[in-house]
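Accompanying notes for the structure given below.
All ligand and atom numbering here is 1-based and tracks the order in the structure. Bear in mind that the values here come from a model prediction, so they are computed numbers and not experimental data.
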Amino acid sequence: MNIQMVDLKGQYLKIKEEVDAEISKVIENTAFINGPKVKEFAQNLADYLNVKHVIPCANGTDALQIALMSLDLNPGDEVIVPAFTYVATAEVIGLLGLTPVLVDVEADTFNIKIDELETAITGKTKVIVPVHLFGQCANMEDIMLFADKHNLFVIEDNAQAIGADYTFSDGRVQKSGTIGTIGCTSFFPSKNLGCYGDGGAIFTNDDELGQKIRMIANHGQNKKYFHKFIGVNSRLDTIQAAILDVKLKHLDGYGKARFDAAMYYSENLKDIEGVTVPVLSEFSSHVFHQYTIIVENGKRDELQNFLNEKEIPANIYYPLPLNEQEAFKNISKVKGNLKNTQILCNSVLSLPIHTELTKEQQNLIINTIKQFFS
Ligand SMILES: *Cc1c(COP(=O)(O)O)cnc(C)c1O
């Protein structure tokens with residue numbers, strides 16, 4: 001049995017005809033840069049998310065950088081970000097001469113700890129960047145209340161949760177990435193909505209910001225050769241947009257397949273002593289970009305080796321908190337303690353999860369984990 005963390009080939013084969021035809025069309029038209037498919041896909045994604053502006057760009061890291069560039073920040077301004085995330089979230093903050101202020105995450109949802117916001121805020125704080133880690137939204141209602149009270153921008157790092165629904169206490173439902181000032185996503189191949197190369201997008205409901213972001217992503221111009229801002233060159237290839245437009249129609253189905261696989265794991269792993277299965281929050285659906293368990297008593301590395309030896313992949317996202325990364329030592333600040341982050345880096349283990357995972361494969365993985373603990 002060949003088990004992979006993600007099965008991109010199996011997923012492709014199911015939509016091969018349509019994808020191949022769309023790729024051929026782009027090549028026939030040679031509209032490789034900013035072809036009509038880019039606009040079409042952006043509009044379809046905007047409709048799906050129910051957001052006013054979707055600005056495609058080259059990758060998720062660029063999306064975060066361009067979002068920050070649009071907010072008129074100054075060097076030394078502080079951006080609150082969880083210490084337990086992928087490096088890109090905080091990297092762009094440092095790159096722009098801003099200060100990442102690292103805070104702890106909740107022990108159960110792995111998302112930014114709301115209580116820490118009050119500890120982290122200073123006169124220089126301008127932005128909060130919550131990350132919807134592993135496919136489930138951070139507590140956006142409380143984050144937005146806090147941000148409004150203190151006049152802060154919110155940039156959602158939605159690279160792992162596209163398609164997730166957030167439910168407010170009054171019953172209102174909004175798609176992840178459309179709640180903050182700006183939302184960012186990645187179309188990296190293994191993401192829930194992935195293309196066949198690099199890609200990303202930025203979302204906002206603010207017309208003025210939408211236009212500015214579009215300009216920044218295009219050398220700061222909206223009229224060719226007239227540059228209002230210092231920008232970047234960050235585009236989504238037409239071929240990638242064509243592929244994404246096909247895959248967007250399957251996104252909800254993909255999310256459901258991932259969720260069902262996750263529930264099957266949880267049902268079968270929840271009673272193992274020393275293992276904690278993912279928690280479902282009351283305010284967000286979960287699209288399971290990763291299925292991540294907590295392995296107690298220092299057994300995580302041993303379990304990972306045991307699985308890997310039996311050709312079952314299992315990865316650690318993330319082994320080292322941002323505050324301990326050499327690149328961040330001199331440019332970031334830590335606020336409060338990072339106790340949960342510390343514990344999670346030593347105990348999380350992500351199991352294979354994707355749209356093509358079979359019960360047989362899951363049974364093998366489950367039984368191997370049970371064997372390890374028996
Ligand atoms: C993947 C990812 C990114 C970066 O996306 P790229 O397209 O690889 O640049 C940023 N943040 C998070 C949380 C991610 O998972």
Would you say the ring centers of [X] and [Y] fall short of 6.0 Å from each other?
X      : Y      : answer
Tyr166 : Phe283 : yes
Phe187 : Phe41  : yes
Phe288 : Phe134 : no

Compare His132, Gln290, Gln160, His289 and give the one whose heavy atom is closest to atom 15 (O) of ligand 1. Gln160

Do ligand 1 and Asp198 have nitrogen or oxygen atoms that lie under 3.5 Å from each other? no

Can you check whether Ser186 has an N/O within less than 3.5 Å of an N/O in ligand 1? yes

Counting from 1, what ligand 1 atoms have a heavy atom of [X] closer than 4.0 Å?
X      : result
Asn59  : 7 (O), 9 (O)
Thr61  : 4 (C), 5 (O), 6 (P), 9 (O)
Ala88  : 4 (C), 10 (C)
Val131 : 13 (C)

Tell me whether Lys270 at atom NZ has more than 12 heavy atoms from other residues, nucleotides or ligands lying less than 6.0 Å away. yes

If you measure from the Lys or Arg side-chain nitrogens to the Asp or Glu carboxylate oxygens, is any gap between Lys126 and Asp72 under 4.0 Å?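 Looking at Lys126 and Asp72, the cut-off is not met.
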
